[in-house]
Every structure is written in structure tokens, then in C-alpha cells.
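Everything numeric in this text was worked out from a predicted model, so none of it was measured. No hydrogens, no waters, no symmetry mates; every other heavy atom, side chains included, goes into these values.
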Amino acid sequence: MATRNLEKMASIDAQLRLLAPAKVSEDDKLIEYDALLLDRFLDILQDLHGEDLKETVQDCYELSAEYEGNHDPQKLEELGNVLTSLDPGDSIVLAKSFSHMLNLANLAEEVQIAYRRRIKLKKGDFADEANATTESDIEETLKRLVVQLKKSPEEVFDALKNQTVDLVFTAHPTQSVRRSLLQKHARIRNCLTQLYAKDITPDDKQELDEALQREIQAAFRTDEIRRTPPTPQDEMRAGMSYFYETIWKGVPKFLRRVDTALKNIGINERVPYNAPLIQFSSWMGGDRDGNPRVTPEVTRDVCLLARMMAANLYFSQIEDLMFELSMWRCNDELRAHADELHRSSKRDAKHYIEFWKQVPSSEPYRVILGDVRDKLYHTRERSRHLLTTGTSDIPEEATFTSVDQFLEPLELCYRSLCSCGDRPIADGSLLDFLRQVSTFGLSLVRLDIRQESDRHTDVINAITNHLGIGSYREWSEERRQEWLLSELRGKRPLFGIDLPKTDEIADVLDTFHVISELPSDNFGAYIISMATAASDVLAVELLQRECHVKKPLRVVPLFEKLADLEAAPAALARLFSIDWYRNRIDGKQEVMIGYSDSGKDAGRFSAAWQLYKAQEELINVAKEYGVKLTMFHGRGGTVGRGGGPTHLAILSQPPDTVHGSLRVTVQGEVIEQSFGEEHLCFRTLQRFTAATLEHGMHPPISPKPEWRSLMDEMAVIATKEYRSIVFQEPRFVEYFRLATPEMEYGRMNIGSRPSKRKPSGGIESLRAIPWIFAWTQTRFHLPVWLGFGAAFKQVIEKDIKNLQMLREMYNEWPFFRVTIDLVEMVFAKGDPGIAALYDKLLVSEDLWSFGERLRADYEDTKRLLLQVAGHKNLLEGDPYLRQRLRLRDSYITTLNVCQAYTLKRIRDPNYDVEVRPHISKEIMESNKPAAELVKLNPTSEYAPGLEDTLILTMKGIAAGLQNTG
């Protein structure tokens, strides 16, 4: 690198201050937070890797910033020259540095958001920053419903205590940051928050600053790359760690805030401890759709592990509760039960442990809770034994086997305290504990099972062939239903141990056997992915019966592709017309709708509109048959997979489709963004609860007939445009694989599931996550916007009055506004100039014109989108988001260029053939600190350093753009 004179050796943080966006408001500390973290990191970088590398980082940032200023492709080429001149070790350090800086920028943003929220709470101000459209404060929502919308406090209370939000943690591999790093990030966030506290002393400040530097260095020195893929059990443990860290204590704390909000509108009653406001479910270890690693044994293990974790969490709190409830006054019911426990413990020497000698009968609550403690201990240990050895000598009767059994002594204590005038004590820790038991049960979370419909068809087909009645697979839908119903109404067993089974068939049946053997409260729903017809649901019902599932799981069809969504209402109507089925469901049905595969199938515009219409039609079918329908939204983190702000997503759903009951997936990096910190957990619970309540009590407007007609017309155009490129363009798949890092995606080891449902095949077989992830990496976001421009252009050219109607829809219809705003946000994150660099380096010349055509479509779509929204510039209505994105751009650009050139070197063995062998030997023998990084991955098939550099760029870009999967 060229020598720089002293005048040019200004610190990088000073450069950043010149290039960074201005403050948005008086309480905007983002740039200040960001500069502090960057200062500390650059000092660490210089100490570890020297002044030269620090200056290289500065050079790269400045070139990126210059590119962002005028989008001159020459600057990208200059940046590429700097990056390709580095030896492999330094290349890794540079990619790691920019990835790390983006993580620090994210932490600065989170601290800024929390800081502004505290300021707002102190001022009682929730009106600025378009807050009402992006946040859902529970107290403000309750006040708005009562004061502005004239609902009575009693109506609000009744609706609130009867609503349910079930948050379903999935195992989908979009969290690219390792768990060990997330924990270090949390400590950095805490240090930064405390450093800016008003009452901090100089000594405290110095100690916190030292702690901050330690944590930043520890995070930087931690290997970001997963060297092996996680197992489903690893995914489950990672997911469950959020319960330990934030959710377990966050739920009762949030419910107390709800109590306070109710009191402020005149309700002096608390939310009942067993009100199902917030529930949690999981797919980790249960989602076997295309994941051969999720076996029946894995499902059994994760259920026992979760049960053990739950008992351990309760056990760790019961001592504190016993210490608190030391009073002697109680009612006769509790006194009698305490005396009986004392007598029985003395009769049974095995259970007459030291505790009973120490607790006098004058402390009856401690006697009752002592028995609870013993049972929790045995519950935990029995689960641990079954998990590790498969057997346990602890008898089942010594454990809690049902949540009702667990609640009974706690409810007894609560009733006794209240009847003796100690209600304030009852409403303390005991109420919190009751709420935790009601929310988490004995299983911590309920595990959903998910399997593809074809796998059930294979099993039933094997049975009918074995019975000699023909091939179920070849039967019509009518004949399938007829046979399934005849068997469901009968009692004969269909098969025995002599049923011929492939490994796949045995896997499905063994899963049902695991469900039958474990306690029923371990499980939630049985999800049928790629469901198309009523027979898919009936087949699962029959298999549950045949495998002796004592308490059958509710069966939930998942409609994903466009045609399946269109056919879903008819399939549901057919199910509800069957007497046997209506008796089975007892007036309740759940249907899951898939945002990911519908978007991949038809594009974001058409998928969003079909999902909206399908919900309306499904609700109407359910009303016709007197069934309460719960919609289960399979949303991902990105806009292309149904992602977006929670409040907006809920309030833009069709009227009557939420109605106090909502299930929604929380996937990948969204879990960390929602539950990674105490304040994030609180905000998440508040958003879901408040928005669900508001949607039910103040539904959004229904679209006008002329709006529907225009949407139908545009959806046809958008689908045709999207499919003409993605599925009908002969060389699209080739272009996609060359122009993005899709082929290299699997090297990130961020999930246990393969990136394809089937090893061979094109876009159809590719999972929605890598499909979106690959386009996001190049900042082109094609699956999100493709089809929008063609739809807008044709209807506006057809009749200029349609432009005015589109603007009316944008201003008056929440669904349409949210759809447009989210795509506008994606354009603000996009950059076709970066995509052009990938084309230039990676795509064959005969496909360059295809890329140019797509980029022209991108620009046309952006122009038309702004025209419809009535905006001159992207995100002009959200200055905070615009500021945050601008702050990241130069970091991300450096990583994009580094990634593009690294992919070139990986894919083209002749690109630097003369240099690489010399560098490889030199770097591997070097004592430079950077050389150590190259040795972390000695088995890579690529030249030294290239694989790690590539993965670090992927992780860094994902961190910078955030909602990537």
C-alpha cells in the first residue's frame, strides 16, 4: 500500500464524522454511539494487526463513501484493486473488520432506539416519528380504544383477557451470527447504555470503558464462522436460551405492565393468571419438511430436553417463593393439606428428607411449596435420565405429569392468601409464578410437527397396496376422501408389523409413535406443508389413530403456492361439510398460510394479494359452518418472505381475520431482534398484544370494489412478468447462480437443513430462504420488486386515472400502503450498481444484456413506486431509518466488492494463478497475526483464505442489511 503523508493520516473516526448523516432530532445519539464504538475498535485493530492494516481499512471506507456519494463504478474498481492486492490473511482481517463494524453499528442503533423510547416514556409522547404506525404501546392502545374509539373499559378488558398470540420459534437457518457472539454483543450493548447514564461517576465511566474495550476485542477475536453445521438439538438449545435470558422473566413483567395499563383506564382487576395472552411454540426438532436430520429420535430428545429445562427454571425459583411466603395465617383448606403432607412424609421414610424436619407446621405455605419443590426436582431428574439413558428409576407418580397437577397447590396458596386478607402478597411473586406456569407449562414450549403432504401419501399408498385394494396415490380426490372417512368411522386396525416399509415410511410412522409415547402437552399442532386438498388432513388424522396417539394433535394444513391458496377455501369447505370432521375439531380450526413459497412461486405483489384474498375467503367459509378459524402466518424476516414491522403486518390484515387469535412464526435473526435483550422482549410482547387487540376492536377498512378490481388486474400482470423471467427465461437459473453467491450459501453452516428440498432441480426445488438470501447479498432484491413495475406501468398507461386510484389506495388502505412502504424500504437498501459489479466479474458476457435489462426494470419499478406513493425520494417519511441505512452503506459496499472479487477468484482458477501459489506459501509460513486466521480452515478446497473471506462477507452483509432471510 502506498505511503501516506502525515496530513492524510487523519483518524478514520474523524472521516466518518464528516461522511455520516446529520442528527435527525435533539435526542438522536446514534452517530455519537457509533463513533465511540468505532474509536474503540480501531484502536484494538491497530494493536492487533498494525497501522498499515488500519490504514487499509480507512482507504476502503473512503473509497466506498466516495462511491456512495456519486455511484461512480470507477470507485468500485479502485476498491477492488486495493482488496485484491491484500494477502489472504489480511483479506480475512479486513472482511472480519467490516463485518464487526456493522455489528457494532447495529448495537449502536439498538441502544439509540432504547434511549429514545425512555425519553418518550418520560415525556409521555408517542406521537412523533410516525410512531402510531410502527409501534404498539399497550397503554396508548388501551387509551385510544376507550377515548377515541369510544369502547368501554369493560369491553376492552373482556377482549384482552380472551385473546391469544402464539409466537412460534422456527429452526429456519437465517441467523448468521453465532450464539457466542450474540452474548458478547449483549454485553457491549449494556456497557454502551451504562456509559451514557446520567448519574455515572468518573470511576464508573473508566471501568465501563475498559469493559467495553474488552468485550469489543473478545467479539473480534471470536471466530465468526461455524466450522460445522448445527444439529437440530443445537438449534433447539440456541432457541431455548432466549427463554433463560429474557422471555422467562419478561412474560410476568409484561403482564404486570398490562395490569397497570388496565388500571389507568379504570379496570381495577388484573389479567387472570391463566388468560392465554402470550403463548410460545417451537419447530426446533419438529420441522422435518425436507430435513433428513430431524429424526423421530431428535423429536423425542428435544421434547425431553425442553421438559428438563422447564422443570429446572421452576426449581430455581421455588426456593425464593418459599422464602417469601413465610406467613402462618392460612385458610382451613390449606392447613389441612399441609398437615396431610407432614403426616405422609413421616410415614414414607424415603420422602422424609431433611426439609420436613426443618419446616414447622406453623409455616404451612412452605410445607405446600416444599412438596412442589420435591416434585419439580423429580420431574427434572426423570426427564434427564430418560434423555441420557432412556430409562429412569424415579416413579412417574413422584413427578408432575400435567400442568393442572402443578397449578393445584399454587392456586391453593393463592386462594388462601386472598381469603386471609393478604391479596397484595398473593399478587406478588406467587402471581408471577402462576403466570409462568400457565404460559410455559411443563414443556416450556409446545413442539409443532411439520411434514410434507407427499410423505403421508406415501405411507397411505403403502397401506392400500399392502391391503390389496389398489394404489392410493392413483386414486381421485373423491375416492381418497371416501376411503379415509370409512376407515376413520370404523375401528379395524389397518396394518401390523408386517407392513413393508421404506426408510421414509418408517420415519413418518415412528414420528407418530413418538407423539403417542410422550406426554401430550409436549406438542402443539401437526403442520402439513404443501397441502392441497381435504384428503391431506384426513390422512394425518387416520395415521394418528393408527399409531395410537391418545390425544390427537390438531391438524393444520399449510397452503403455500398460488394455486394452493386459491383452492384452499374449497378444501376447507369440504372438510367442514364432513360430520365426522366437524365433531373432531369441536368448532375450532387452524390454517397456515405460507408467505415464502407463494412469493417464490408468483412474486411478492401477487402473493401478497392472494394471501389477503385467501384469508377473507377462508374466514367466510369458517363463519358459514360456525367454526372459529385461527390464521397461522408463516412469515420470514425479509420483505420477500412476508417480513416487516409487526404492528403494520397485523393491522394490514383483512378485517375479521385476526379476531383475537393469532399464530405467527418468528424466524432466524428475527428471534434475536425480538428477544435478544430484555427491552426487546418487552417491546415484542407489547407489539403483538396491542396490535392484535386493536385489529379485533378497530378493524382496518375493507377495500373498495374498484380497488379489488385493479388489484386483480395488476396481480395477473405481475405474475406473468415474474414467471416469464424466473421460470420461462431459458438461462435465468444460470444467470442467478452466476450473479449471486447462491452456490456458496451452504458453506455458512447456519442451519441443520439442506438448502434444497431435493438435491437436484432448479428454482422450484430451492428453498425460499437461500433464494432470498442470495439476491439480498448482491443488493438487488429481485424477488421482492419483480412484477411491481410491469403491473403499475400497464394499468397507468391504460388509464391515467388509475394513478390517482393507486394513490387513493396508498393513502386509505393499510394493506396496500404497507405493501408499497416495505418495497420502498427494500429499494432504499438496494443498489443496482453493486449488482452490475457482480455481473461484470462473475457472469458470462453473453448474459450481460440480460442483467442490464433487469437493472433497467429495477430503476423503472423504483420510479413508478415513488410515483404511486407520492414521494420524491426513498424513505422521505422515515428520516430515522434513512439515517441508519446511510450510516451502514459504506461498510456494506466494501464487503460487496470484497465478496464479488473473492467469488471471482474462487470460481475462475486462472484469475490470479501466477500470484496465488507464491502468496499461499508465504502466508502459511508467516508469523504475522493475520496468517493465523488462514490456518483456521486448512481443509478448504479453495486457495488459503478465500473461503473464510467469502463467508465473512456474507455474514457482514447480512448483519448490515439485517432482515436477510
Side-chain angles (χ1 to χ4, degrees), residues 232 285-303 390 447-518 523 525-553 555-558 580-581 584 752-754 756-761 765:
D287 182 8
R288 57 229 324 116
D289 176 18
N291 189 348
R293 299 181 182 94
V294 179
T295 62
E297 293 73 27
V298 165
T299 297
R300 178 182 178 277
D301 285 355
V302 298
C303 286
L447 183 71
D448 284 358
I449 304 296
R450 186 168 79 133
Q451 182 59 277
E452 195 174 356
S453 58
D454 272 356
R455 297 290 297 276
H456 307 129
T457 300
D458 290 342
V459 176
I460 301 294
N461 190 65
I463 292 170
T464 59
N465 281 329
H466 184 59
L467 294 174
I469 58 175
S471 171
Y472 175 85
R473 182 175 288 283
E474 294 174 6
W475 292 352
S476 67
E477 173 63 16
E478 289 72 21
R479 187 178 176 190
R480 287 184 180 189
Q481 291 180 25
E482 182 183 350
W483 182 79
L484 291 167
L485 282 169
S486 69
E487 294 302 329
L488 283 164
R489 289 174 176 138
K491 294 183 178 180
R492 67 164 182 165
L494 282 178
F495 62 89
I497 58 173
D498 60 335
L499 176 71
K501 303 187 199 67
T502 63
D503 289 344
E504 289 78 11
I505 290 171
D507 183 83
V508 172
L509 292 173
D510 288 347
T511 299
F512 281 108
H513 287 134
V514 166
I515 297 170
S516 72
E517 291 163 6
L518 291 172
F523 300 102
Y526 194 107
I527 316 290
I528 310 170
S529 61
M530 295 298 174
T532 59
S535 62
D536 292 326
V537 174
L538 298 175
V540 173
E541 294 284 10
L542 183 60
L543 290 173
Q544 288 198 88
R545 192 199 72 178
E546 287 301 309
C547 295
H548 311 293
V549 178
K550 293 179 283 294
K551 189 175 179 181
L553 279 59
V555 181
V556 179
L558 165 52
W580 180 92
Y581 189 75
R584 156 77 175 96
S752 67
R753 190 169 70 168
K756 283 189 174 186
R757 283 190 170 91
K758 297 174 182 175
S760 60
S765 65

Novice: How long is the span from the OG atom in S516 to the CG atom in D510, to the nearest 0.5 Å?
Specialist: 10.0 Å
Novice: Would you check, one step at a time, whether the test side chain to side chain contact (heavy atoms under 4.5 Å, CB included) holds for Y581 with L485?
Specialist: CA-CA 9 Å; Y581 189 75; L485 282 169; 5.9 Å; no
Novice: How far does CG of D301 sit from OG1 of T295, to the nearest 0.5 angstrom?
Specialist: 7.5 Å
Novice: L553 vs Q544, test: side chain to side chain contact (heavy atoms under 4.5 Å, CB included). Steps then yes/no.
Specialist: CA-CA 8 Å; L553 279 59; Q544 288 198 88; 3.6 Å; yes
Novice: Which atom names give the shortest non-hydrogen contact between N461 and S471, and what distance separates them?
Specialist: OD1-OG, 2.8 Å
Novice: Could you report the tightest heavy-atom contact between T511 and P296, atom names first, then the distance?
Specialist: OG1-CG, 3.6 Å
Novice: Do we see a donor-acceptor contact under 3.5 Å between the side chains of S535 and Q481?
Specialist: no
Novice: Where is the tightest heavy-atom contact between P500 and A462, given as atom of each residue plus distance?
Specialist: O-CB, 4.3 Å
Novice: Counting N and O atoms only, with roles assigned by atom type, does the side chain of S453 sit under 3.5 Å from a partner on the main chain of D536, one being a donor and the other an acceptor?
Specialist: no
Novice: Taking E504 first and then R455, would you say they form a salt bridge - that is, a charged N and a carboxylate O separated by under 4.0 Å?
Specialist: no
Novice: Evaluate the side-chain proximity of E546 to I463: yes if any heavy-atom separation is below 4.5 Å, no if none is.
Specialist: no
Novice: Nearest 0.5 Å please: distance from the CG atom of L509 over to the CG atom of L499.
Specialist: 7.0 Å
Novice: Nearest 0.5 Å please: distance from the OG1 atom of T457 over to the CD atom of E452.
Specialist: 9.5 Å
Novice: So do the side chains of E541 and L488 get within less than 4.5 Å of each other, counting heavy atoms only?
Specialist: yes
Novice: Less than 4.5 Å apart, side chain to side chain, heavy atoms only: is that true for V508 and R288?
Specialist: no
Novice: Between I449 and I527, is there a side-chain heavy-atom distance shorter than 4.5 Å?
Specialist: no
Novice: Apply salt bridge (charged side-chain N to carboxylate O under 4.0 Å, His left out) to E487 and R492, showing your working.
Specialist: CA-CA 8 Å; E487 294 302 329; R492 67 164 182 165; 2.6 Å; yes
Novice: Rounded to the nearest 0.5 Å, what separates atom CG in L543 from atom CD in Q451?
Specialist: 11.0 Å
Novice: Heavy-atom distance under 4.5 Å between the side chains of L542 and W483, does that happen here?
Specialist: yes
Novice: Are any of the side-chain heavy atoms of F523 and C303 separated by less than 4.5 Å?
Specialist: yes
Novice: Heavy-atom count check: over 12 atoms from other residues, nucleotides or ligands less than 6.0 Å from H513 NE2?
Specialist: yes
Novice: Dump the intermediate steps for side chain to side chain contact (heavy atoms under 4.5 Å, CB included) on S476 and R479, then the final yes or no.
Specialist: CA-CA 5 Å; S476 67; R479 187 178 176 190; 3.6 Å; yes
Novice: Can you confirm whether I469 sits close enough to W475 that some side-chain heavy atom of one is under 4.5 Å from a side-chain heavy atom of the other?
Specialist: yes
Novice: Give a yes or no on whether the backbone of G286 and the side-chain of T299 come within a donor-acceptor separation of less than 3.5 Å.
Specialist: no
Novice: For Y472 together with H456, are the ring centres under 6.0 Å from each other?
Specialist: no
Novice: Distance check, rounded to the nearest 0.5 Å: R545 atom CZ versus L494 atom CG?
Specialist: 6.0 Å
Novice: Would you sort out whether R450 and Y526 count as a side chain to side chain contact (heavy atoms under 4.5 Å, CB included), showing the intermediate values?
Specialist: CA-CA 6 Å; R450 186 168 79 133; Y526 194 107; over 6 Å; no
Novice: Between G285 and V302, what is the shortest heavy-atom contact and its length?
Specialist: CA-CG2, 3.9 Å
Novice: Does the side chain of I528 come within less than 4.5 Å of V537's, by heavy atoms?
Specialist: yes
Novice: Kindly give the heavy-atom pair with the smallest separation between A539 and I460, and that separation in Å.
Specialist: CB-CG1, 4.2 Å
